[in-house]
There are 4 protein chains.
Amino acid sequence: MLKIGIIGYGYWGPNLVRNFMAQPNGKVTMVADTRSERLDLVTKNYPTIKTTKNAEDLFGSEDVDAVVIATQVFSHYELALKALNSGKHVLIEKPMTSTSAECKSLIKIADEKGLKLMVDHTFLYTGAVQKLKQLIDEGSIGKIKYFDSTRINLGLFQPDINVLWDLAPHDISILNYLVDEIPYSVNATGVSHTYNEIENIAYLTVNYKSGFIAHFNCSWSSPVKIRTMLLGGDKKMMVYNDLEPTEKIKVYDTTYNHSTDEEKRKIMVEYRTGDVYIPMLDSKEALSGMAADFLKTIEQGTTPVSDNKSGLAVIKILEAAQKSIKQNGKEIILE
Amino acid sequence: MLKIGIIGYGYWGPNLVRNFMAQPNGKVTMVADTRSERLDLVTKNYPTIKTTKNAEDLFGSEDVDAVVIATQVFSHYELALKALNSGKHVLIEKPMTSTSAECKSLIKIADEKGLKLMVDHTFLYTGAVQKLKQLIDEGSIGKIKYFDSTRINLGLFQPDINVLWDLAPHDISILNYLVDEIPYSVNATGVSHTYNEIENIAYLTVNYKSGFIAHFNCSWSSPVKIRTMLLGGDKKMMVYNDLEPTEKIKVYDTTYNHSTDEEKRKIMVEYRTGDVYIPMLDSKEALSGMAADFLKTIEQGTTPVSDNKSGLAVIKILEAAQKSIKQNGKEIILE
Amino acid sequence: MLKIGIIGYGYWGPNLVRNFMAQPNGKVTMVADTRSERLDLVTKNYPTIKTTKNAEDLFGSEDVDAVVIATQVFSHYELALKALNSGKHVLIEKPMTSTSAECKSLIKIADEKGLKLMVDHTFLYTGAVQKLKQLIDEGSIGKIKYFDSTRINLGLFQPDINVLWDLAPHDISILNYLVDEIPYSVNATGVSHTYNEIENIAYLTVNYKSGFIAHFNCSWSSPVKIRTMLLGGDKKMMVYNDLEPTEKIKVYDTTYNHSTDEEKRKIMVEYRTGDVYIPMLDSKEALSGMAADFLKTIEQGTTPVSDNKSGLAVIKILEAAQKSIKQNGKEIILE
Amino acid sequence: MLKIGIIGYGYWGPNLVRNFMAQPNGKVTMVADTRSERLDLVTKNYPTIKTTKNAEDLFGSEDVDAVVIATQVFSHYELALKALNSGKHVLIEKPMTSTSAECKSLIKIADEKGLKLMVDHTFLYTGAVQKLKQLIDEGSIGKIKYFDSTRINLGLFQPDINVLWDLAPHDISILNYLVDEIPYSVNATGVSHTYNEIENIAYLTVNYKSGFIAHFNCSWSSPVKIRTMLLGGDKKMMVYNDLEPTEKIKVYDTTYNHSTDEEKRKIMVEYRTGDVYIPMLDSKEALSGMAADFLKTIEQGTTPVSDNKSGLAVIKILEAAQKSIKQNGKEIILE
């Protein structure tokens, strides 16, 4: 039975506690938060969990085998570093850290100490993303040509990270999970409607050597909520609408072929359209799968779906995107 | 009764003929197209209209007061130039020409000769865009903060122009019609899935000095058709979904205010959400309004809604977008 | 080349003329309407078609092989009778006549005279209904258990027929086309919001001996337009939404099995849900297929999809429904 | 602090416990259920609540001021009777009892003993229904002409009550809440696809002397979930779609007027259509409002929104509907 300590009991914390408590091989033993009213909530609902205002108490406790960090992004690195140095396995909420250097440093330390370090990209554990992955892996979509994501709504303006750091990790982690090719460069533009220069609307293009392209539209300022992803393959195309209650994924038997008509010196494109297929999805709660994966990687040494390489890959793109925005959309080559 | 000659009887030509024929003060007298089967169609449906394979016949005819150019984009300039030089008023389908230099040249000649030169941005004449304009002009939306347009579907790959030149003129002309501020620069990225380097997917950001931002997502390769525009003001926000049969425009009583909390050194953003209002729209055919506007500008010397300055403004943005794409998304300052 | 005369050039007439004109083996030679402004429209668009205010002119003309009756329902019988007695084949718009006795009388006369008598249930020729029929016939839906149709909108109040006679023929003809079982009885309720006792809202249940049930919700007084049909089989279920531009039919791999748990003396029902499939549909204009079928039945003696038995079957149900409404919903056994 | 005992901890029970626990002036002290695994769930989540397999324990306990009955319908009467006879206030889940005689008997006893007897029609406490009520009461809808409800999905077949008893209480209680007129009669039809003669699909019409009509379409056998209600007034019309996440109610500025054209002896109907308005709704949990109303009626003697007269009115209609179904749709006059 692995003993879990959780730092941060804000919006996501209660979901983490509930899901780790429900695992057969894990339980939450401690929760840290600086706000006493949040700790009171823990005590009310889970009288067996110890609470503390000081995260350090978790690092020194024998009642904690692994630490989950669900605080504001700027504090991720320092907390994870201390946890690893105290010999605890670590799970960090997305985005993993504020810089890729911090990510790499944490990965190095975890490896040296033989500890597990994982990031929570919850969406990878949804029935929808698992189905997208399966359809791509079994070859029915063909070679992916583009990925186009829109994630906009009336969102809480974050004080320390911009809208890309807040929303795009979901979509970038899905992109990286589904597409093997290494991204080459990014361009990003955005605008801040407040005076802190933190963008509340931003657009990101990720470029690839093969001609594959990925685009992300993120906004905290849309009156309507949209959570839509298009993936075009050379055999079929898919639309993933996360707001649909049951029909989240539609697979279109649609594609186009092009040939060059030498004489006319132009491209002839032929479309093929056909049936649409809406696969049934596993409706298990994604966060429960994530929690189970974290416990499994600790107990069995397996590589989790949402591993730290995935966390680093997201940060690299976000870091480059930020540079591009600040340089007026200039292409930033990824290392 | 103004006599109209139309060059090009492809996809849009029949709509032009039908709408000009229905005007009380105009009629179509000649149609030119290089394809005899297209001309046969004209004759079958409109026995009174003369047809010719040679556009030059229109320029020399006394039966033609004004010429409508509905051919492929690369031919717009030359045909318009000849028409103007023959003393004919000219209406050009969007996009006006292939370069802004051509636009300017045509405008100069028309002005010198006292002839009318107009471009057909049909969408400006829709009940929906007229309502957006009215709501903005009467002040109920407040200062516009962003414009975000998605126009994607399984579209015909054009052999001479990319997807931005094909689709974005609709949205850029609407943007320019609704927002007075002069655009400052553009960034664009895109990809071509054929071998002719003509982009079938492209993303365009138009930047403004005030912090207003406009973004366009255009694709010929989406399995689903989306025609959605979001406009956020500091009083209200609007969504224009052109695929809705009757409820195209929704006005959200939604906005946010921000203040700076000095002590916490962070931005406090407060949302306000409220009722939604779906205004009834004028359902008159937009192309009929455009045709009437062209005849009116000739007869009465009025400035049409979709004037040649509007045509030039669109071309400037498209031209800069093309440069940006070819320079990997680099910001291109508009003149 | 069959020569067609059309009586009635109102809402549907122009569609009939256009589609019969487009047939390779037919053409419209005469149109009758009592309103001269409607006849002017014919002449303007089709200078070769003769027009008359007197339907009798068609019956006596050698230029007419077959007559299409597109007038108000109360006049169908008399006009069809005269046409048949003049030796013309006859196509009648739905609903066929005002009473089943009139239907039977016309069928008898047509048979005696060796003339073709057909009714225009256009929906049977749509790609959607053809696909429903195919899916049922090939057995993939299983035994149909229920049929539930909603056809409501802000409709024109008809002066001579109620909303069931106006709207339900579409759905009843589809029901009869898809389901072989003979209906046993009907119940109907409705209300008239005008003073003429012509119902503008009505509900119809058609009962069958096997336990299959069909229900129709028809209204001229709904602020929203709904055109939805559900068909539940014991293998799969289908939803037909005629307002969807491309995804009109969805096939759900959903069903339930029931068993009796003797001990608990209750029914155990198990659901099975699965993928959804949206078949691609033939997008050919339905009315063109109907026109071709009428010409074919005349030329080749084939039985049309929308034959006069189908017309009579619809009238029997409408007639019984009207009786039921006037007797406060009492079950009316069909003959 | 009122002490609540709850009988039945099935699907709805946990929601009742959670909402009564959250009231400032009430708490749940006991829960009874015959299944020990359900009681274990209570203990796990609420260690302070006593559990018992015997409902009688609640009636005799001083720790219980009021009893909530959330069991199968057939047991409602007996349990409520015992509770009242033990001097407890009673809240019963919808539908109140199996017969109107039982309802009346309980109401009489409660009145005699000065105890509160209420029924839980949760929907009356939703922001949506409260808004419908407000719009009607303030006169902006005008006189209501029709009410049309569809509540269908793949539902659990109930062993003791048919689909009308299961689903229609929601809609009938809303109808009665919104419309003052006393219903005159009902017609109902339905079908059972199992062998227990319990209908899984049923249609109900409620008739009124004034010409107002209400119709209910209920099904446990639809592959799609629909929760839609139309209300047509002579000033405006409303659509209530409970599945919309935020835009549940649309108010259409749509209506029709009719006049009689004496000469033509026909009804002239003129439509007026206009803007649509989507009011913002209170998003408070409905069940919390219901729980508060029950506590308030006990403490302050106020009449609750969902009072026992409302419970009885629903049962009268359901009882008549059942009679009508068993008599093949015959009109049943309500007492």
Side-chain angles (χ1 to χ4, degrees), chain A residues 145-146 148 150 152 154 156-157 159-160 185-196 198 200-201 203 205 207 211-213 215 217 219-224 226 228 230 232 234 236-239 250 252 254-256 258 260 264-269 271 273 276 324 327-331, chain B residues 145-146 148 150 152 154 156-157 159-160 185-196 198 200-201 203 205 207 211-213 215 217 219-224 226 228 230 232 234 236-239 250 252 254-256 258 260 264-269 271 273 276 324 327-331:
Chain A
K145 312 286 276 184
Y146 68 85
D148 187 330
T150 302
I152 64 178
L154 224 54
L156 197 62
F157 281 55
D160 61 335
S185 68
V186 312
N187 298 88
T189 53
V191 73
S192 170
H193 288 145
T194 57
Y195 301 121
N196 61 3
I198 291 178
N200 53 303
I201 295 176
Y203 305 100
T205 307
N207 307 293
F212 171 73
I213 192 168
H215 186 261
N217 180 339
S219 172
W220 288 327
S221 303
S222 166
V224 286
I226 303 180
T228 300
L230 291 95
D234 61 12
K236 295 194 180 175
M237 298 184 184
M238 302 191 285
V239 177
K250 287 187 175 176
Y252 290 80
T254 291
T255 188
Y256 48 90
H258 51 83
T260 308
K264 294 196 180 173
R265 292 175 179 230
K266 70 179 190 185
I267 298 290
M268 315 293 285
V269 175
Y271 283 101
T273 59
V276 183
S324 180
Q327 296 180 43
N328 302 322
K330 191 187 152 191
E331 182 183 30
Chain B
K145 311 286 276 185
Y146 68 85
D148 186 330
T150 302
I152 64 179
L154 223 55
L156 196 63
F157 281 55
D160 62 335
S185 68
V186 311
N187 298 87
T189 52
V191 72
S192 171
H193 288 145
T194 56
Y195 302 120
N196 61 3
I198 292 177
N200 52 303
I201 295 176
Y203 305 101
T205 306
N207 307 293
F212 171 73
I213 192 168
H215 186 260
N217 178 340
S219 171
W220 288 328
S221 302
S222 166
V224 287
I226 302 179
T228 300
L230 290 94
D234 61 12
K236 293 193 182 177
M237 299 185 184
M238 301 191 285
V239 177
K250 287 187 177 175
Y252 291 79
T254 291
T255 188
Y256 48 90
H258 51 83
T260 307
K264 294 196 182 171
R265 289 171 182 235
K266 67 180 193 184
I267 299 291
M268 315 293 286
V269 176
Y271 284 101
T273 60
V276 183
S324 181
Q327 295 180 44
N328 303 322
K330 191 186 152 189
E331 181 182 30

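To find a chain, count down the sequence lines: A is the first, B the second, and so on, and within it residues start at 1.
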(message) Can you tell me which portion of A:Val239 sits under 4.5 Å from chain B's heavy atoms? Options are side chain, backbone, both or neither.
(response)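 For A:Val239, the contact with chain B is made by the side chain alone.
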(message) Report which part of A:Asn200 has an atom under 4.5 Å of a heavy atom belonging to chain B: side chain, backbone, both, or neither.
(response)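 Contact with chain B: side chain only.
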(message) Show the nearest heavy-atom pair for residues A:Lys145 and B:His193, with the distance to one decimal.
(response)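 Nearest pair, atom of A:Lys145 first, then B:His193: O-NE2, 3.2 Å.
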(request) Mind listing the closest non-hydrogen atom pair of B:Pro223 and A:Met237 along with its distance? (result)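 Here B:Pro223 and A:Met237 meet closest at CD-SD, 3.4 Å.
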(request) Would you mind reporting whether B:Ile152 and A:Leu230 have side-chain heavy atoms less than 4.5 Å apart? (result)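 Yes, close enough: below the 4.5 Å cut-off.
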(request) State, yes or no, whether a side-chain contact exists between B:Tyr203 and A:Asn217 at a heavy-atom distance under 4.5 Å. (result)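 Not in contact.
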(request) With sequence neighbours left out, write down each residue that passes side chain to side chain contact (heavy atoms under 4.5 Å, CB included) with B:Lys330, or none if nothing qualifies. (result)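 Only B:Gln327 meet the side chain to side chain contact (heavy atoms under 4.5 Å, CB included) criterion with B:Lys330.
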(request) Return the set of residues passing side chain to side chain contact (heavy atoms under 4.5 Å, CB included) with B:Ile198 (not counting sequence neighbours), or none when no residue passes. (result)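 B:Ile198 satisfies side chain to side chain contact (heavy atoms under 4.5 Å, CB included) with B:Asn162, B:Asn196, B:Trp220 once adjacent residues are dropped.
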(request) Could you check which of B:Lys236, B:Glu331, B:Lys250 has the highest count of heavy-atom pairs closer than 4.5 Å to chain A? (result)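 Answer, by heavy-atom pair count under 4.5 Å with chain A: B:Glu331.
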(message) I'd like to know which of B:Val276, B:Thr228, B:Asp160, B:Asp148 tops the heavy-atom pair count under 4.5 Å against chain A.
(response)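 Ranked by contacts with chain A, first place is B:Asp148.
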(message) Given 3.5 Å as the limit, does a donor-acceptor pair link the side chain of A:Tyr146 with the main chain of B:Ser221, or not?
(response)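 Side chain of A:Tyr146 to backbone of B:Ser221, a donor-acceptor pair under 3.5 Å: yes, one is there.
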(message) Please determine whether side-chain contact (heavy atoms from CB on, under 4.5 Å) holds for the pair A:Leu154 and B:Thr254, giving the CA-CA distance in whole Å, both sets of side-chain angles, and the decisive distance to 0.1 Å.
(response) CA-CA 9 Å; A:Leu154 224 54; B:Thr254 291; 3.2 Å; yes
(request) Under 4.5 Å, counting heavy-atom pairs only, tell me which of A:Asn328, A:Val224, A:Ile213, A:Ile226 racks up the most with chain B. (result)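 Heavy-atom pair counts peak at A:Asn328.
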